[in-house]
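Single-structure report; data block below.
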Amino acid sequence: MPKNRNKAADRDTQGKIPGRPGAEAPSLAEPVEPRDPLPPKPDQRGPGPFTPTGQPSGETAQTRAQGGEFLTTATGTRLPDTDHSLKAGPRGPTLLRDHHLREKITHFDHERIPERVVHARGAAAHGIFRGYGTAASLTRAAFLAKDVETPVFVRFSTVLGSRGSADTVRDTRGFATKFYTSEGVFDLVGNNIPVFFIQDGIKFPDVIHAGKPHPDREIPQAQSAHDTFWDFVSLHTEATHHTIWNMSDRGIPRSYRMMEGFGVHTFRLVAEDGGTVLVKFHWKPKAGVHSLVWEEAQLLGGIDPDFHRRDLADAIEAGGFPEWELGVQVFPDSEEQTYEGIDLLDPTKIVPEELAPVQPIGLMTLNANPVNYFAETEQVAFHVGHLVPGIDVTDDPLMAGRLFSYLDTQITRLGGPNFDQLPINRPHAPVNDMLRDGMHQSAVHAGAAPYRPNSLDGGCPFHAPDGYIEAPFPVEAGPRGRLAPASFDDHFTQPRLFWLSLSPTEQEHVIAAYTFELSKVYEQAIKERQLLVLARIDPVLCQEVAAGLGLPVPDGAPEGDPEPSPALSQVGESWPTAGRVIGIVAGDDLDAVRTARQAVLEGGMVPLVIAPAGGVLPGEGEPVSVQRTFAAARSVEFDAILVAGAPEPAADAQGVRDAKAGVGGAVDPRVVLLLGEAYRHAKPIGGWGDAQEVFDAAAIPAGAPGVVTGDAAAAVLEKVTDLLARHRVWERFPSTLG
């Protein structure tokens, strides 16, 4: 072992750098002394300690997990061996009577449950929601009262891909929150896009079938860049608004931590006095709304397909707890259910925040990772119909379909109607539901009369005078038929509103996204049909995409000239830098690396030291552990890069061993690639000492926007942090549309 290696320092015992797999450091040799199982890591927390009927159970993480020093069967019988099946002699046949083999293999064969048809790829975390009390005049919901703290479990997801797909595909993201309130479970099941492809739930199978891989070849996975998707949305133009959001930077978020959430539908809130208002729910991330650039997303699909789930878990483990404010746009509950001419029951429409500001009503903090992915993230069951007193649905026809579909889905996925009794789904309020039996019933119900009225059980359960009541909103009589209001026919005004609200840089990205996606379409007619759709949004958008596809620009003109909504743009504001990941390329000056690393930590960010080899950096003084080697590091996992010198080519800088090292030079070519990518992706870059040699090798112009040089690490980091607050240095690549 090298003299300078310090195992404790290498493991980062202070817990500043996330990524440790277990609660304790493993021994080099196989442990042989019996001991109890290790506890969860400090950043992990399981479901709340409640029984299947919502009673406090007093359980701990240890009492729910496996226990005891020794290996056992599922029924607790100790086993001396699990490596050899029962045989008739050393070379004889395996015996059918081997009960341990049968139990082990049979359970393994049944480990998987059906994955979600949509939102299969997900990541989740536990947290706390604290009400501000500002919603008191709007709703009687107890969890929104001032300073009430409610446990939550949040699951983020992609829509189209399977469980094994990549995180960074261009897709809509799910943002589903389970509130374990004192009045029952409330599920706010939304997306990171405030509108949806369709206006009526009956069309949901159609849009998903179109977006999923082609049924003959089962490709492409987790992508919309194919014929069936664009065939559907070009023919079904109510999807145009959602589609342009997907083609924008919103379709490839930088992180779940930096992603807005929307309830999509309009809900009805009921106040204590019975008064009602209509609202749209918004989640606003405290870290700001940021996205990847397209090349980053493509690189991450191969380099780290788990990028988003790793980012979320690492942030929580490092103590950088993600936060979102929950807010509502409030509208009068009028008979027309419209606002400023916008139909509030149309899920393909937004109400611009300039017309109806988002009013903050509470703060959510995610502060613990799950203990077990399957038991929690995979088995959590959301349902739009999980409501609490004070929150009601509306007659949105897409919501109507969801109210049926979610419940039906859980019965299939989770093996029966008792999915609410799984630990992650259990309410934190007493349950007396008169629902009995069924697959996986884990409650042991008492009493003789699961019906009401009854006298055999003393009349219990009784009707609750303060229980959930659907708001008595009048319904206008009309002819029966498969109908839609005339207001649903406007498919292009709001896509144009979105386009006009974007900065020139964001518009460039939308053009590039449409061009890329349609270039993957085989049928020429579908491309031409989609260009007809784009012509009705904006002539520049249509012209630029047509040029990229080598097709003529079709006739057509935009519909309407709406006022832009600046709130729809992600560019132009500054945001907190807490939780950002800073790569530090190590040079010869170990003290400068230490200084930079400590300054990054003190700024609430995560420093990852990049060096030729793992372990700790050579030199005297406090050891500095290495988190990434030149061979393993790529710019896409960092928000900014600091260069602490010009490292020479490392011993493994050989094309035969690492193709990224195939180009020679005075500086290690992997570092040159790292800096070149970071510059190309408009990330802040800083350096001191002889860092300019690295910048020269990477063809980064001296004095370029967002490139900071200086004599001291702390001063350089300060300027880089200021740049990082805007996420990227967009002026490095000015738009041709500006």
Side-chain angles (χ1 to χ4, degrees), residues 118 120-121 158-162 164-173 192-193 197-198 206-253 291-303 305 307-308 495 498-499 506-538 540-554 636 680-681:
V118 290
R121 173 77 176 181
T158 54
V159 171
L160 292 178
S162 67
S165 59
D167 279 347
T168 57
V169 295
R170 183 180 294 281
D171 196 2
T172 307
R173 264 70 182 178
N192 73 320
I193 292 176
F197 291 103
I198 54 175
D206 301 317
V207 67
I208 298 304
H209 288 163
K212 284 286 189 177
H214 290 200
D216 53 351
R217 301 186 181 187
E218 186 63 12
I219 55 174
Q221 175 60 241
Q223 297 178 55
S224 55
H226 56 91
D227 284 69
T228 57
F229 175 81
W230 288 101
D231 184 41
F232 179 83
V233 299
S234 62
L235 290 168
H236 205 77
T237 54
E238 71 189 56
T240 302
H241 194 192
H242 189 121
T243 302
I244 195 171
W245 276 75
N246 249 2
M247 294 303 105
S248 77
D249 293 338
R250 303 283 186 144
I252 42 175
S291 296
L292 299 168
V293 296
W294 180 229
E295 188 188 28
E296 284 183 297
Q298 291 176 301
L299 289 169
L300 282 164
I303 295 165
F307 181 70
H308 282 153
F498 183 74
W499 168 262
E506 292 169 300
Q507 290 179 340
E508 294 275 14
H509 294 170
V510 171
I511 291 168
Y514 273 112
T515 305
F516 174 87
E517 295 262 324
L518 293 171
S519 72
K520 298 290 185 178
V521 171
Y522 181 86
E523 296 293 349
Q524 197 79 347
I526 296 174
K527 299 178 188 181
E528 294 175 359
R529 189 191 308 139
Q530 182 58 34
L531 287 175
L532 289 169
V533 172
L534 298 184
R536 300 176 72 178
I537 300 174
D538 187 82
V540 173
L541 171 62
C542 182
Q543 291 163 13
E544 295 296 323
V545 175
L549 297 175
L551 294 174
V553 179
V636 286
R680 196 164 66 242
H681 300 151

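Heavy-atom basis, side chains included; hydrogens, waters and symmetry copies ignored.
- Residue pairs meeting the salt bridge (charged side-chain N to carboxylate O under 4.0 Å, His left out) criterion with at least one member in residues 510-521: none, sequence neighbours excluded.
- Applying the salt bridge (charged side-chain N to carboxylate O under 4.0 Å, His left out) criterion to E506, with sequence neighbours excluded, gives no partner residue.
- Not counting sequence neighbours, the partners of H214 by the ring pair (Phe, Tyr, Trp, His ring centres under 6.0 Å) test are H226.
- For D171, the side chain to side chain donor-acceptor pair (under 3.5 Å) criterion is met by no residue, not counting sequence neighbours.
- The ring pair (Phe, Tyr, Trp, His ring centres under 6.0 Å) check on F232 picks up H236, with sequence neighbours excluded.
- For W294, there are no side chain to side chain donor-acceptor pair (under 3.5 Å) partners at least two apart in sequence or on another chain.
- Sorted by first and then second residue, the salt bridge (charged side-chain N to carboxylate O under 4.0 Å, His left out) pairs involving residues 206-223 (not counting sequence neighbours) form an empty list.
- Here the closest heavy-atom approach between residue A166 and residue G301 is recorded as CB-CA, 4.3 Å.
- Residues satisfying the salt bridge (charged side-chain N to carboxylate O under 4.0 Å, His left out) test with R173, not counting sequence neighbours, are none.
- Residues passing the side-chain contact (heavy atoms from CB on, under 4.5 Å) test with L551, sequence neighbours excluded: Q524, K527, E528, L531, L549.
- By the ring pair (Phe, Tyr, Trp, His ring centres under 6.0 Å) test, H308 is found to be paired with Y256, residues two or more places apart in sequence or in another chain being considered.
- Residues meeting the side chain to side chain donor-acceptor pair (under 3.5 Å) test with D231, sequence neighbours left out: R529.
- Aromatic ring pairs are classed by plane angle as parallel below 30°, tilted from 30° to 60° and perpendicular above 60°; the pair H241 and F498 is perpendicular.
- The side chain to side chain donor-acceptor pair (under 3.5 Å) check on E295 picks up R680, H681, with sequence neighbours excluded.
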